[in-house]
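See below for the structure under consideration.
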Amino acid sequence: MGSRASTLLRDEEIEEIKKETGFSHSQITRLYSRFTSLDKGENGTLSREDFQRIPELAINPLGDRIINAFFSDGEDQVNFRAFMRTLAHFRPIEDNEKGKDPSSSEPLNSRNNKLLFAFRLYDLDKDDKISREELLQVLRMMVGVNISDEQLGSIADRTIQEADQDGDSAISFPEFVKVLEKVDVEQKMSIRFLH
Amino acid sequence: TFVQRLTIYKHFLLPLFLTLVLCQHLNPDGLQIVSFKWHHVEAPYIIAVWILVASLAKIVFHMSHKVTNVVPESALLIFLGLLLGGVVWGADHSASFTLTPTIFFFYLLPPIVLDAGYFMPNRLFFGNLGTILMYAVIGTVWNAALTGLSLYGVFLTGIMGPLQAGLLDFLLFGSLIAAVDPVAVLAVFEEVHVNDVLFIIVFGESLLNDAVTVVLYNVFDSFVAIGGENVTGVDCVKGIVSFFVVSIGGTLIGIIFALLLSFVTRFTKHVRIIEPGFVFIISYLSYLTSEMLSLSAILAITFAGVCCQKYVNANINEQSVTTVRYTMKMLASGSETIVFMFLGISAVDPNIWTWNTAFILLTLVFISVYRVIGVVIQTWLLNRYRMVQLEIIDQVVMSYGGLRGAVAFALVALLDPEKVKERNLFVSTTIIVVYFTVIFQGLTIKPLVSWLKVKRSEHRDPLLNEKLHGRAFDHILSAIEDISGQIGHNYMRDKWAKFERRFLSKLLMRRSAQKSRDQILNVFHELNIKDAISYVAEGERRGSLAFIRSASTDQLVNVDFSTQRPSIVDASVSALLRGNPSSVCLDMQAIEEKRKSVRDKEDTLSHHVLQQYLYKPRHQTRHKYSRHAITPNTEDNKQEKEIFRRTMKKRLESFKSTKLGVNYSKKSIKNYKKDCMPRKVNPEYSDIEEAHEHEVAHQDIGISFIASATRQALAETYNGIDNPTFISDENVMVRPAIPPWLSNEDTVVPSQRARVQIPWSPNNFRRLTPLRLSTRSVDSFQMADGPVPEHPRMTLPEGTHL
């Protein structure tokens, strides 16, 4: 498992990914072997079908949206760098990173970026606002079949009301961040990646 | 006339009987017509009566839900036992019925442990095996050593007064009192609903610590027999070696017998009636064999159950599966009841009572304290290597839920009073410890847990946003875990699955079971695809409005919700009240503080609706083991099915729209026209037919792609049935002669139509009858794997307690 993967991934690449995402060397190699095991076409990139082959995603209500999050606009394939970049959002926030060089750009797994990831899942048309329709869509995905459209609509309205501060009946990113300020996002959106 | 008949018999038979008895009395040396042969039936009669009493007691207890909610059943049974013991004592002044170790170890314990092993959620168990082993082995040794040593230390200070016991006696006592008891743990955890992982850790620990207990007990017992001075270093080393031999040997014996059992059931097709018998006999033999070889019998029978699950369920026919399950539950439940009752009865025996306040108190203190310390240290160590962390509340439950029970009592009753002079003291102390843990800790663990859960969540109203997005985060996290392969995808597990598939299944599973495993899988995903396709086509034909309105194929969603609103409120509140204590607490607060305004009432409604209907993320699903019920909840499967259907539909749609693009819209129009127009016009017909075939080809590609993706999806979702590496035959395509959705038939329920089409699917299908598939398509292949949700039809209507 280990040797095949590391011959295909050069050390410079590993270094670059390490710098960009903050993963450790062993984590990167491990995730690379996961990447290659998903890549059934063996062309070094993952397509949507490769993701859809993961069984648990089929029973995850937000599965398909999360798959889409890996693909940048208009792209049909995900290479390893992009794969790691998306996964980097879920690295736990470590204490020693907080005191880092303030001039470097915000790390991918900062609280802000985690929330941005989630926000982008809701905001399909990328207008930086979660409109009522977009919220309804997400609600519908996450909720069983026993709720009527009217009930769902009223829940969506309530949700927007709670968060909306500038009265535009949509949730912008700052409003999203504000309404979730008491939630421990660091813990809820982090996975301990195996070494 | 019945009453008349009864009176006739009364007037006729009674005098007859009396005259007969009189005759005997007058002529005692002649032929006895009727006699009272008590001693003839004494032994089995008494056993039967005790079993009857225990079962009647259960009925009585469960009549009152209020009582059983607060007091665990085990405690109630102990009280009953005390009562009965008092009665027996009063009548006879001798303790004629006690829990003898022989009866306990040979007849009462095996069913309980077999039940535990047979219904063990394997994936969860082996996934957490490292943790479980650590707690079982190291934790038990830690507890035993420290308890024994501390008691000895205190003894040396003289507080306990003069006792004829040495270091070894104390260590012996420590070893038998340290072990967490599976029977007690199960009995209590039934009532307290904890999450999967926590449950399996405590439960697994209680099962696996038997090896340690047996070794320690035997080692110290023989040391005590040899005499403290004669113990050499060699003996100690031998003790350590014996631990490994006992545990690994016991496990191996269990596995061997499991293989034997699986192999035997492969050939029982023609003796279906006695199939269930094999399961019990062979498992029991594994227990006895292991006991005979002085290895760990509990480990043997546990692993026999754990390993044979899958094959037995695949091989024997459905009614036998049900029979096995019910019988096992019945035996286990009955044994447990009897055990606790006898624990009560056995205590009423003044001959064994020796009271030593210091000893008893200190034992209680030491076992509790050392358990807490042990759990904390081990958890801290384990959390560094575990994916799913064990939090404070888990540790509290683990320490508090370490109950001692009948195993400790039976072990202490086995002690030889000649060798261990203070046997009676030990017995009394054990009884008190067992009572304390079962009754006191059992009573208080549930309130403690709810209090802790409430305390941990902050006392403020969670915003709708927080709930919603919080749940979304959970789903996102699960998905990322799955994508990154951190949980559930394991090198070892995949390797094992491959090995198992290639060798073991071929050897141990009936050929028909092997084949149907794959076929059912195929058919299931085909049903789904056809459902999805026909549903989408139907919706499009009717117009997009109909499509949006009905959210799923098999539910009538066109309900007028405006009139039902008030009942929805009630339904959700009462459903919540019946449910999880923590969610109840949060929302009860919400209710109380916001009861005032109407607007707030609507708000609460939204909260409740969300709470009730949001799909649960993976970690929150309830654990699948239950002592008293065969059916774990089917709601999770419902949730999964709903989401799965929806996902597949969407994927098919997007696949169609991306790949077919321009062609599709033209063809759909043509097909629509084809349906409406009579088929007289020939030139147009041939034109359409070409287009039709073209579309069939495209859609077939679509179907086969989704077929392969789904096949893999189902294979892995349903726990190890299939293996991705095995699915090499991507060429299995669906090629029906006329795609059902394009035929002229009127609207038929899609899944029925799909069922009818089965004969056109891949060739090796013919064995399966459509009837079997239609009612059991999901259940059958799930059953091929292990303990699964029962088909709803089979649930006893009176409730789930056996």
Side-chain angles (χ1 to χ4, degrees), chain A residues 1 30-31 33-34 37-38 48-49 51-64 66-67 70 86-87 89-90 117-118 121-122 135 138-152 154-155 158-159 162-163 171 176 179-180 182-183 185 188-194, chain B residues 387 389 458 460 463-466 468-486 488-489 491 549 551-552 555 557 559 561-562 568 602-603 606 609-610 613-615 618 638-640 642-644 646-648 650-651 654 705 709-710 712-717 724:
Chain A
M1 182 171 78
R30 200 180 240 269
L31 288 169
S33 62
R34 172 68 178 160
S37 74
L38 287 175
R48 281 206 168 75
E49 283 84 36
F51 279 104
Q52 285 173 349
R53 224 173 263 118
I54 303 174
E56 287 84 0
L57 290 183
I59 52 173
N60 187 313
L62 299 177
D64 284 345
I66 296 168
I67 296 176
F70 278 84
T86 316
L87 287 184
H89 284 103
F90 295 91
F117 184 85
L121 279 185
Y122 292 113
L135 191 60
V138 176
L139 264 174
R140 182 42 87 189
M141 284 167 72
M142 297 218 301
V143 133
V145 296
N146 295 319
I147 298 197
S148 71
D149 290 332
E150 291 118 26
Q151 276 190 313
L152 216 59
S154 77
I155 294 182
R158 284 246 120 63
T159 312
E162 260 183 10
I171 308 181
F176 187 70
V179 85
L180 291 178
K182 294 228 181 72
V183 173
V185 176
K188 270 194 154 295
M189 292 266 276
S190 297
I191 319 179
R192 290 166 54 94
F193 286 94
L194 294 172
Chain B
M387 282 314 302
Q389 304 282 285
E458 296 164 24
R460 58 179 191 86
L463 301 172
L464 267 180
N465 272 285
E466 288 178 1
L468 181 64
H469 301 310
R471 193 53 68 85
F473 291 158
D474 289 333
H475 287 304
I476 296 175
L477 211 57
S478 304
I480 297 284
E481 280 171 357
D482 294 323
I483 293 179
S484 64
Q486 301 296 301
H489 291 270
Y491 181 63
R549 273 280 168 76
S552 83
Q555 295 212 16
V557 187
V559 184
F561 264 94
S562 51
I568 294 285
E602 290 222 339
D603 218 8
S606 314
V609 169
L610 255 193
Y613 288 112
L614 273 177
Y615 282 139
R618 200 174 40 216
K638 217 172 45 165
Q639 168 180 325
E640 284 181 358
E642 278 175 16
I643 305 180
F644 184 71
R646 193 192 293 157
T647 314
M648 286 300 140
K650 256 192 277 167
R651 287 188 187 172
S654 62
F705 150 65
T710 335
Q712 269 188 305
L714 282 164
E716 293 175 19
T717 315

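Residue numbers start from 1 in every chain, and the chains themselves are labelled A, B, ... in the order their sequence lines are given, proteins ahead of strands.
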Hey, what do you get for [atom1] ([X]) to [atom2] ([Y]), rounding to the nearest 0.5 Å?
| X | Y | atom1 | atom2 | result |
| --- | --- | --- | --- | --- |
| A:Leu31 | B:Ile483 | CG | CD1 | 11.5 Å |
| B:Ile476 | A:Phe117 | CD1 | CZ | 6.0 Å |
| B:Ile643 | A:Leu57 | CD1 | CG | 11.5 Å |

Looking at every non-hydrogen atom in both residues, tell me the closest pair between [X] and [Y] and how far apart they are.
| X | Y | answer |
| --- | --- | --- |
| B:Met648 | A:Ala58 | CE-CB, 4.0 Å |
| A:Ile66 | B:Ala479 | CD1-CB, 3.3 Å |
| B:Arg646 | A:Met141 | NH1-O, 2.7 Å |
| B:Ile480 | A:Leu87 | CG2-CD2, 3.6 Å |

With respect to chain B, which residue among A:Leu38, A:Leu135, A:Leu139 yields the maximal number of heavy-atom pairs within a distance under 4.5 Å?
A:Leu139

Among A:Leu180, A:Val138, A:Leu152, A:Val185, single out the residue with the greatest number of heavy-atom pairs under 4.5 Å to chain B.
A:Leu180

Does a side-chain heavy-atom distance below 4.5 Å link [X] with [Y]?
| X | Y | answer |
| --- | --- | --- |
| A:Ile155 | B:Leu468 | no |
| B:His469 | A:Val183 | no |
| B:Thr647 | A:Ile59 | no |

Let me know if A:Asp64 has heavy atoms under 4.5 Å from chain B in its side chain, its backbone, both or neither.
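It is the side chain, since no backbone atom gets that close.
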
Please list, chain by chain and in numerical order, all residues satisfying side chain to side chain donor-acceptor pair (under 3.5 Å) with A:Ser190, sequence neighbours excluded.
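Result, side chain to side chain donor-acceptor pair (under 3.5 Å) vs A:Ser190: A:Lys114.
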
